[in-house]
Amino acid sequence: VNPVLPEEALELGAVATKAFTALGGVDLARRAELEPEVRSGEVAGTLASLGIDDLDPREDPDALAAAAALCEAAGRTALPYPLASVLLSDGEGRPFAPAAGRARRVDHGDLFPRWRLAGADGSVHEAGPVPATRRLGTRLGPFVTDLEPLPDGEEAADGTGDLLHHLALVAFGILGTVDRAVELAVEHVTGRVQFGKPLSAFQAVQFQLADAAVAVAGLRELAHFTLWRLAAAPAAARADVLALRVHALDVARAVLRTTQQLHGAAGVCDEYDVSVLARMVQPALRLPWSAERTVTELAAAIRADGFEGLFEHGHGTAP
Amino acid sequence: VHAQAAGELPDVHASTARIAVTQCDQSVAEVLFQAVEEEALEAGPGAPLHGAVEDHWRYAQAATVASGTIEVQRMIVSKALLGGRS
């Protein structure tokens with residue numbers, strides 16, 4: 001297991017971060033709420049120039065690492081685009097998304113006419129926005145759209161591989177968001193003076209920052225391990241990917257709470273990036289499964305496949 | 001509440017209550033979000049409990065900041081516990 005991404009993936013991530021920052025960084029997400037068309041315009045154009053059309057994360061470990069680095073960069077600026085879904089498009093340009101609930105609820109579902117959606121059993125069907133389809137347009141799901149099955153849609157048996165890749169790439173997006181949130185908190189507490197000294201001089205603040213940083217570092221380790229598992233043993237990686245999602249949701253809840261708290265009232269004001277990051281990541285935290293539901297899925301996966309770790313447990317282990 | 005009505009509420013009790021209640025507020029908000037699953041992303045009259053779940057969750061995020069941050073409440077409680085010995 002390599003605890004850091006390969007050099008080429010890291011370089012792509014750095015180039016992508018620069019490109020997303022040049023587009024306005026988190027301001028782009030703010031703009032997209034008012035002008036949703038920037039997603040298919042400037043954002044899609046920039047992603048094309050980064051070469052995402054030629055990048056297939058299912059191809060080999062290097063491609064998977066490059067896709068993960070891109071998703072992490074996107075998470076750092078709350079890039080308003082369904083990047084993981086588009087990276088997992090098929091040969092006909094149909095993006096992929098898991099849609100476990102009744103509503104076939106997909107972030108940025110309005111952007112493409114035909115999607116490949118995986119149900120809870122892994123079976124895939126085609127769906128898309130119908131003329132009456134509207135984005136939710138809410139504070140926590142501005143671009144979330146409920147899709148409808150297409151009457152002439154194709155069906156496929158097994159989307160498990162794409163499902164696992166999607167969950168892993170979304171976890172890298174969450175990683176980018178929480179990593180950036182900690183940086184923003186550090187900037188805020190070193191600049192803001194209270195009781196005659198910067199907030200960062202208070203040990204209570206320092207301890208919270210340390211806990212948040214440790215949580216992000218731990219998530220990064222697990223994300224890289226899971227990426228390696230997914231590339232090395234895709235058929236056995238279901239429990240690993242679900243465990244990554246469980247941990248990512250746990251870390252996101254704690255780190256966003258801490259970093260918003262350290263911003264004080266500014267933490268819930270959209271003039272501050274941390275507030276926008278915390279809002280825009282919500283679809284990733286709630287779709288296709290909430291934390292509780294993901295734990296249930298993980299338990300089922302462990303019962304079915306076992307869960308390889310340092311000690312024997314799970315499938316085939318005597319009680 | 002009785003103590004406050006009688007004007008006899010020490011700061012430490014008020015802060016103790018506030019720490020407990022604001023953290024409870026945030027925990028309950030997240031439990032409700034887990035319960036409604038993907039409908040957590042909805043808002044307004046058509047959302048679960050007419051939007052109260054989503055509204056509560058967003059409002060709860062500020063509970064540990066508004067009316068004195070939880071850090072300041074902790075300072076008040078710990079000062080009372082230590083009785084000037086810190």
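Chain identifiers are assigned alphabetically (A, B, ...) following the order of the sequence lines, protein sequences preceding nucleic acid strands; residue numbering begins at 1 within each chain.
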Inset, instruction - Among Pro283(A), Gly141(A), Gly137(A), single out the residue with the greatest number of heavy-atom pairs under 4.5 Å to chain B. - result: Pro283(A)
Legend entry - Ring-face cation of Arg286(A) near Trp57(B) (centre distance under 6.0 Å, axis angle within 45°): yes
Legend entry - Salt bridge present between Arg105(A) and Glu42(B) (N-O < 4.0 angstrom): yes
Legend entry - Nearest non-hydrogen partners of Ala265(A) and Val65(B), listed with the distance: N-CG1, 3.4 Å
Inset, instruction - Check the surroundings of atom CZ in Arg192(A): do more than 12 heavy atoms from other residues, nucleotides or ligands lie under 6.0 Å from it? - result: no
Inset, instruction - Go through the steps for Glu292(A) and Glu37(B) under the test side chain to side chain contact (heavy atoms under 4.5 Å, CB included), then give the verdict. - result: CA-CA 9 Å; Glu292(A) 291 288 323; Glu37(B) 300 195 325; 5.9 Å; no
Inset, instruction - Verify whether one side chain among Glu71(B) and Gln208(A) offers a donor that lies under 3.5 Å from an acceptor in the other. - result: yes
Legend entry - Minimum heavy-atom distance between Val144(A) and Leu41(B), given as atom pair plus value: CG2-CD1, 4.1 Å
Inset, instruction - Answer yes or no: are there more than 12 heavy-atom neighbours, outside His125(A) itself, under 6.0 Å from its atom NE2? - result: yes
Legend entry - Leu140(A)/Phe33(B) under side chain to side chain contact (heavy atoms under 4.5 Å, CB included): CA gap, chis, key distance, verdict: CA-CA 12 Å; Leu140(A) 303 182; Phe33(B) 254 23; 3.6 Å; yes
Inset, instruction - Answer with side chain, backbone, both or neither: which region of Glu30(B) has an atom nearer than 4.5 Å to a non-hydrogen atom of chain A? - result: side chain
Inset, instruction - Using a cut-off of under 4.5 Å on heavy-atom pairs, state which of Arg253(A), His263(A), Gln261(A) scores highest against chain B. - result: Gln261(A)
Inset, instruction - Using a 4.5 Å cut-off on heavy atoms from C-beta on, say whether the side chain of Gln61(B) contacts that of Arg257(A). - result: yes
Legend entry - Distance (rounded to the nearest 0.5 Å) between Gln194(A) CD and Thr69(B) OG1: 8.5 Å
Inset, instruction - Determine whether more than 12 heavy atoms belonging to other residues, nucleotides or ligands lie under 6.0 Å from atom CD of Glu187(A). - result: yes
Legend entry - For Gln34(B) against Ala291(A), the heavy-atom pair lying closest together: OE1-N, 3.1 Å
Inset, instruction - Verify the neighbour count for atom CZ of Phe112(A): are there more than 12 heavy atoms of other residues, nucleotides or ligands below 6.0 Å? - result: yes
Legend entry - Per-residue contact mode, Gln282(A) against chain B (heavy atom under 4.5 angstrom): both
